[in-house]
**Q** 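If you scroll down you'll find the structure; I have some questions about it.
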Amino acid sequence: MAKIALLPGDGIGPEIVAEAVKVLEAVAQVQDLSFTWETADMGGIAIDRHGTPLPEATLAVCRSAAGVLLGAVGGPKWDALPGDERPEAGLLGIRKGLGLYANLRPARIFGPLEAASTLKPEVVAGIDILVVRELTGGLYFGRPRFREVLPNGGMRAVDTLEYTTIEIERIARVAFKAARGRRGMVTSVDKANILESSRLWRETVTKVGEEFPDVELSHLFVDNCAMQLLRNPQQFDVILTTNMFGDILSDEVAMLTGSLGMLASASLGGEVGLYEPVHGSAPDIAGQGVANPLAAILSAAMLLAYSLDNPEGAALVERSVESVLAQGFRTRDIWQPEDRLVDTKTMGNLVVAAILGGGVYDRQNHSL
Ligand code: NAD
């Protein structure tokens with residue numbers, strides 16, 4: 001019996017995690033498995049209840065689970081707090097605390113959503129990109145990091161960009177291994193024409209690549225990659241990159257698919273995998289029942305694949321999402337006039353019904 005830790009968080013987090021749980025329960029029913037759940041506080045709700053965004057007890061719950069499903073954290077209520085006391089500090093803390101150095105963000109365009117992208121359908125048709133982002137090094141963690149007042153009264157602020165060969169080797173291996181199960185191509189993205197840390201990145205990735213002769217490795221400068229993603233995204237399979245470049249490029253890749261509400265992610269490398277939607281807590285729509293739960297549901301599918309070694313269950317969830325979209329059901333963020341508008345819970349129920357082999361959707365009551 002696998003235990004799954006739930007960290008619903010803030011804003012729309014609890015609404016979408018509830019739908020992902022329903023979906024995992026449906027998979028368990030079909031596959032004759034059983035899951036146990038333990039919920040813990042993280043983010044703003046943890047600040048309110050425990051005075052810190054990431055209580056030790058929450059980390060302990062995560063460590064005792066087979067996988068962790070996170071909703072989202074943050075919101076205007078906590079925006080005035082200093083950086084390291086804000087809900088988002090919990091995100092950096094949990095990555096460090098669980099040793100999660102590899103962030104995987106798949107961006108696949110579901111056929112029925114090709115028209116929802118801001119790019120032309122023929123440009124985005126069939127894209128299936130996996131961004132592998134280094135998560136615990138680089139500019140976001142480098143030291144020294146400080147501000148000082150200059151003699152002229154102005155300020156100086158310093159961040160440090162550093163990488164070690166060990167950090168680069170381990171994330172590169174994640175990318176090469178992932179490519180083996182896909183189209184066998186890795187594009188490593190850096191700024192080796194300018195940055196010393198990028199030159200080490202490129203040399204090290206090239207060396208690790210020799211261990212994977214069956215995977216085709218190429219290198220791109222980050223500015224060129226940003227441009228190629230809009231010009232011809234179909235050329236990419238796995239994109240391997242640093243913490244900061246990955247932060248930016250993965251949001252660009254996200255927009256190719258049409259909506260943030262569709263994108264899942266996995267953070268791996270440590271004792272337990274953490275799965276969460278790419279989007280934030282969407283305070284503007286929290287509590288209205290209109291959030292798209294599919295990113296959370298697809299994150300739950302990644303949990304099945306990577307933490308529970310259940311690729312069949314993951315594929316079942318993905319196929320079910322695709323079939324619900326093919327029937328024209330959409331939450332507001334991806335809705336167009338010819339579609340059937342549904343709320344958060346109904347979208348979850350529809351995916352559950354597809355998993356269980358087809359429930360009948362009651363249009364009047366928006367239920368199954
Ligand atoms: P956001 O992703 O929360 O929202 C951006 C826009 O997308 C909003 O208009 C929102 O309504 C919409 N949106 C996002 N997810 C959606 C969904 N599932 N369905 C429908 N629409 C959706 O980003 P933001 O507004 O920049 O940030 C809001 C808060 O979330 C901030 O406090 C931020 O720090 C936090 N945040 C948290 C995470 C995380 O928990 N991993 C990630 C990013 C931002």
Side-chain angles (χ1 to χ4, degrees), residues 6-20 23 40-48 53-54 58 62 68-96 98 100 103-105 107 113 116 118 131 133 135 140 243 246-248 250-255 257-267 274-300 302 321 325 329-336 339 341-348 351:
L6 301 174
L7 310 179
D10 310 314
I12 61 170
E15 300 168 51
I16 56 173
V17 166
E19 300 314 308
V23 165
D41 293 330
M42 180 178 154
I45 188 167
I47 294 174
D48 290 353
L54 182 63
T58 297
C62 295
V68 182
L69 191 59
L70 169 70
V73 298
K77 182 174 174 195
W78 306 281
D79 274 352
L81 292 171
D84 55 354
E85 291 172 27
R86 288 170 57 123
E88 295 81 354
L91 292 172
L92 296 186
I94 201 166
R95 288 169 190 164
K96 271 280 180 211
L98 298 178
L100 305 169
N103 185 227
L104 274 61
R105 287 190 182 189
L113 289 185
T118 49
V131 178
R133 167 188 170 196
L135 207 55
Y140 293 4
N243 202 343
D247 192 1
I248 299 164
S250 56
D251 270 21
E252 185 184 355
V253 170
M255 277 321 292
T257 67
S259 169
L260 267 176
M262 295 295 302
L263 290 154
S265 81
S267 299
L274 175 81
Y275 303 84
E276 59 180 313
V278 165
H279 60 73
S281 59
D284 52 332
I285 57 167
Q288 298 174 20
V290 298
N292 186 346
L294 293 178
I297 288 170
L298 293 167
S299 300
M302 292 187 86
V321 167
L325 292 171
F329 294 107
R330 305 280 189 276
T331 43
R332 201 172 67 183
D333 55 313
I334 49 174
W335 178 84
Q336 298 193 333
D339 297 328
L341 183 64
V342 293
D343 60 17
T344 309
K345 283 200 169 108
T346 308
M347 184 56 100
V351 178

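Whatever order the structure lists ligands and atoms in, that order sets their numbers, starting from 1. We use all heavy atoms of the structure for the numbers below, so side chains are in, but hydrogens, waters and symmetry mates are not.
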**Q** Measuring from Leu135:CG to Tyr140:OH, what's the distance to the nearest 0.5 Å?
**A** 10.5 Å
**Q** Roughly how far, to the nearest 0.5 Å, is CG of Leu98 from OG of Ser267?
**A** 9.5 Å
**Q** Rounded to the nearest 0.5 Å, what separates atom CE in Met262 from atom OG1 in Thr257?
**A** 7.0 Å
**Q** To the nearest 0.5 Å, what is the distance between CD1 (Ile47) and CD (Glu85)?
**A** 8.0 Å
**Q** Could I get the full list of side-chain contact (heavy atoms from CB on, under 4.5 Å) partners for Ala266, not counting sequence neighbours?
**A** Leu104, Leu268, Tyr275, Met302
**Q** Check the pair Lys96 / Leu54 against side-chain contact (heavy atoms from CB on, under 4.5 Å), numbers first and verdict last.
**A** CA-CA 11 Å; Lys96 271 280 180 211; Leu54 182 63; over 6 Å; no
**Q** Under 3.5 Å, N/O to N/O: give me all the pairs between ligand 1 and the protein, one per line with atom names and distance.
**A**
unit_1   : atom_1 : unit_2 : atom_2 : d
ligand 1 : 2 (O)  : Gly280 : N      : 2.7
ligand 1 : 3 (O)  : Gly280 : N      : 3.4
ligand 1 : 3 (O)  : Ser281 : N      : 3.2
ligand 1 : 3 (O)  : Ala282 : N      : 2.8
ligand 1 : 9 (O)  : Asp284 : OD2    : 2.9
ligand 1 : 11 (O) : Asp284 : OD1    : 2.8
ligand 1 : 11 (O) : Asp284 : OD2    : 2.9
ligand 1 : 15 (N) : His279 : ND1    : 3.4
ligand 1 : 18 (N) : His279 : NE2    : 3.2
ligand 1 : 18 (N) : Asn292 : O      : 3.0
ligand 1 : 19 (N) : Asn292 : N      : 2.9
ligand 1 : 30 (O) : Ser281 : N      : 3.1
ligand 1 : 30 (O) : Ser281 : OG     : 3.2
ligand 1 : 32 (O) : Gly75  : N      : 3.2
ligand 1 : 32 (O) : Glu88  : OE2    : 3.0
ligand 1 : 34 (O) : Glu88  : OE2    : 2.4
ligand 1 : 40 (O) : Val73  : N      : 2.9
ligand 1 : 41 (N) : Glu276 : OE1    : 3.3

